Amino acid sequence: MSYTSAPLLISAPGKVILFGEHAVVHGKVNACNHTCVRGSRLNYHAQSATFSMSLSVRGIKLQRLSSFSIQTAIAASLGLRSYLFLQARDDEIIQLTLPDVGLDKTWSASTLPGPLPYVPEDPKSKRINGDRCCSNISWTFGRNPFCGPTNSYLDGIHPLELPSTTKSTLETMINLPSGSQTAGEQAALAFLYLYLCLYRTTAPAGLTICVRSMVPVSAGLGSSASYSVCIATALLIHFGHISPSIVHDAAEGKHTETINTWAYKAEQVLHGNPSGIDNAVSTFGGAKLYVKGQGFTTLSGFSSLRFLLTNTKVPRSTKLLVAGVGDKKSSYPSIMDPILDAIQGVSDECKDVFQAHEQKLVDRKALLEKIQDLIDLNHWLLGAIGVSHPSLEKVREVTAQFGLRTKLTGAGGGGCAVTLIRDDVDPDTVAKAITILNSFGFDCFETSVGGPGIGVTSVGAGTSSLVTAEGMRWATREELEAVSGWRFF
Ligand SMILES: Nc1ncnc2c1ncn2[C@@H]1O[C@H](COP(=O)(O)OP(=O)(O)OP(=O)(O)O)[C@@H](O)[C@H]1O
Ligand SMILES: C[C@@](O)(CCO)CC(=O)[O-]
């Protein structure tokens with residue numbers, strides 16, 4: 001039986017990070033926030049946004065145990081989206097077409113390694129070593145227990161820690177030369193990983209998927225997250241973990257958490273060590289304050305801001321940039337930690353000024369002036385941790401000539417910069433800045449933020465050119481953006 005007899009279109013937005021990128025990856029939330037060792041005391045230092053714990057026995061202070069820093073990022077969904085076409089097949093062919101990253105592959109489901117096995121809730125079996133996890137379970141493709149979203153195998157285990165046999169089979173299937181994966185190969189690996197996790201015999205093994213993205217790839221605008229959210233949603237629906245009735249049924253909105261969890265797994269394949277902010281914003285939409293491991297809260301007011309986004313088109317890899325910052329943090333903690341804490345200071349100031357504005361303690365002009373200052377401060381701090389690039393400094397220089405403030409957004413190292421357009425900036429000024437930025441080969445677009453997250457619609461009249469995967473491959477941006485009938489969660 002097919003859970004998706006009619007083709008579906010799924011879409012998810014990119015994101016723009018205003019403050020806190022990179023720092024958010026390294027934030028730690030105190031797991032024993034409220035339940036500390038008996039006789040211990042937990043203090044929160046608002047100034048430094050750190051927690052420290054001291055242990056007293058009979059009134060004598062013994063020891064400061066640890067310090068935990070919270071790192072908040074502030075981000076919002078973008079108007080640009082990725083779009084996925086999904087159709088179940090009668091045969092066992094898995095067809096994955098990803099025109100934006102030059103990948104067009106088919107596999108026979110019967111050549112895949114078995115689905116990732118269910119591992120019982122035994123802490124000893126929750127080893128990071130995947131081989132150990134599977135050692136005493138025999139399984140064959142199509143006859144395993146269901147590996148559902150609550151599968152303990154997946155909790156706390158990084159997807160790249162797959163059983164070595166599974167991993168090498170997947171790598172052979174995608175023709176992965178070790179160490180040098182192309183964008184398409186990475187995307188295929190993330191897809192096959194989710195396929196193996198979500199596979200269920202009650203749905204057809206075969207499917208056709210084509211993903212198109214209006215989010216520039218590898219530019220800091222969350223293309224990988226919007227791709228991950230789309231493939232997670234498609235496979236959850238295809239294998240019946242989520243009913244395709246979400247196309248019509250508002251009650252199915254509860255599935256966004258599940259989608260977000262699986263999108264994060266795909267992001268881990270693509271990024272190594274993501275904070276989870278990109279997939280959260282792409283899944284849920286809107287404007288968010290996000291703390292790794294804690295989730296997010298809504299930041300009202302952010303969506304009313306206007307931005308100019310400039311894509312320097314300098315290629316870079318989020319995975320490498322995040323790993324580079326991690327290495328520096330390990331080598332020079334006494335230098336890096338204060339910088340990351342200062343970035344938290346920027347996010348705190350941003351949150352406070354929005355709150356003050358909401359309570360009418362600060363007018364809009366003062367709000368925007370403060371945001372401008374914070375943009376400069378955050379960019380300098382990101383420069384200090386080594387993720388700026390001459391192209392990004394050029395964007396700052398050009399926009400500064402017009403009194404505008406700019407910072408890098410996302411992972412940096414090239415990619416995109418975000419410029420705040422204050423209410424008093426006239427369109428002519430923006431147009432002049434864009435002309436100069438274009439002369440350096442940069443792409444610019446004005447955008448609003450904070451729109452909806454994941455959306456699903458069935459393919460039918462009104463989307464005629466997209467009824468096939470082939471149609472999807474060639475659909476224009478206008479055609480994709482004109483698709484109607486979306487149900488957003
Ligand atoms: N439309 C797409 N089709 C297939 N794969 C995609 C698509 N968009 C992104 N990807 C995958 O995501 C990777 C890009 O991720 P990367 O994190 O470098 O950039 P980003 O997500 O655009 O930027 P950032 O993480 O800084 O916001 C690509 O190499 C590819 O594997
Ligand atoms: C650089 C980073 O902070 C943002 C990438 O869009 C990485 C992450 O949070 O996963």
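If you're wondering where the values come from, they're calculated on a predicted model, not measured in any experiment. Every number for a ligand or one of its atoms is a count from 1 in the order of the listing.
Every atom of ligand 2 with a heavy atom of Val24 under 4.0 Å away is listed here by number and element: 3 (O), 9 (O). Applying the 4.0 Å criterion to heavy atoms of Pro274 picks out, from ligand 2, the atoms 10 (O). Ligand-side atoms of ligand 2 in range of Ile277: 9 (O), range being under 4.0 angstrom from any heavy atom. Per-residue contacts place Glu21 under 4.0 angstrom from the following atoms of ligand 2 (heavy atoms of the residue considered): 3 (O). Close contacts of ligand 1 with Asp278, meaning ligand atoms under 4.0 Å from a residue heavy atom, involve 25 (O), 27 (O).
The residue from Pro274, Ser223, Ser213, Cys416 that puts a heavy atom closest to atom 22 (O) of ligand 1 is Ser223. Which of His271, Gln186, Arg212, Glu21 comes nearest to atom 17 (O) of ligand 1 through a heavy atom is settled by distance: it is His271. Nearest residue to atom 24 (P) of ligand 1 from Leu408, Thr318, Leu98, Asp100 is Thr318 (criterion: closest heavy atom).
Some N or O of Ser224 is nearer than 3.5 Å to an N or O of ligand 1, by distance alone. Considering backbone and side-chain atoms alike, Asn273 places every N or O at 3.5 Å or more from each N or O of ligand 2. Any N or O atom pair closer than 3.5 Å counts here, and His271 shares no such pair with ligand 2. By the 3.5 Å distance cut-off applied to N or O atoms, Gly184 is not counted among the residues near ligand 1. Remark: ligand 2 and Ser275 share an N or O pair separated by less than 3.5 Å (distance only, no angle test). Considering backbone and side-chain atoms alike, Val101 places every N or O at 3.5 Å or more from each N or O of ligand 1. An N or O contact shorter than 3.5 Å is missing between Leu270 and ligand 1 by distance. Residue-to-ligand polar distances place Asp278 within reach of ligand 2: an N/O pair is separated by less than 3.5 Å. Ligand 1 has an N or O atom lying under 3.5 Å from an N or O atom of Ala183, backbone or side chain.
Judged by distance alone, the side chain of Glu479 and the main-chain N or O of Thr476 form a donor-acceptor pair under 3.5 Å. Between the side chain of Thr409 and the main chain of Val418, no donor-acceptor pair closer than 3.5 Å is present. Side chain of His22 to main chain of Val322: no donor-acceptor pair is present (N/O by atom type, distance under 3.5 Å, no hydrogens or angles). Side-chain N or O atoms of Arg487 include none that pairs as donor or acceptor with a backbone N or O of Gly455 at under 3.5 Å. Between the side chain of Ser347 and the main chain of Ala73, no donor-acceptor pair closer than 3.5 Å is present.
Neither the backbone nor the side chain of Ser226 comes within 4.0 Å of ligand 1, counting heavy atoms alone.
Residue contact check for ligand 1: Lys15 places a non-hydrogen atom closer than 4.0 Å to it. The shell of residues lying under 4.0 angstrom from ligand 1, judged by heavy atoms, includes Arg316. Contact annotation: Ser82 has no heavy atom less than 4.0 Å from any atom of ligand 1. Residue contact check for ligand 2: Gly222 places no non-hydrogen atom closer than 4.0 Å to it. Taking a 4.0 Å cut-off on heavy atoms, Glu267 fails to register as neighbouring ligand 2.
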Inset, instruction - Decide side-chain contact (heavy atoms from CB on, under 4.5 Å) for His379 and Thr406; before the verdict, give the C-alpha distance in whole Å, the side-chain angles of both, and the deciding distance to 0.1 Å. - result: CA-CA 8 Å; His379 183 83; Thr406 298; over 6 Å; no
Inset, instruction - Would you please test Leu408 and Asn378 for side-chain contact (heavy atoms from CB on, under 4.5 Å) and show each step? - result: CA-CA 9 Å; Leu408 69 85; Asn378 198 169; over 6 Å; no
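Side-chain contact check for Asp348 and Gln344: at least one donor-acceptor pair (N or O, by modelled atom type) lies under 3.5 Å. With 3.5 Å as the limit, one finds no donor-acceptor pair spanning the side chains of Ser228 and Asn279. Side chains of Ser224 and His271: a donor on one and an acceptor on the other come within 3.5 Å.
Closest protein heavy atom to atom 7 (C) of ligand 2: Val25 CG2, 3.7 Å. Ranking the protein heavy atoms by distance from atom 4 (C) of ligand 2 puts Ile17 CD1, 3.6 Å first.
Checked against the 6.0 Å centroid criterion, the rings of Phe284 and Phe296 qualify as a close aromatic pair.
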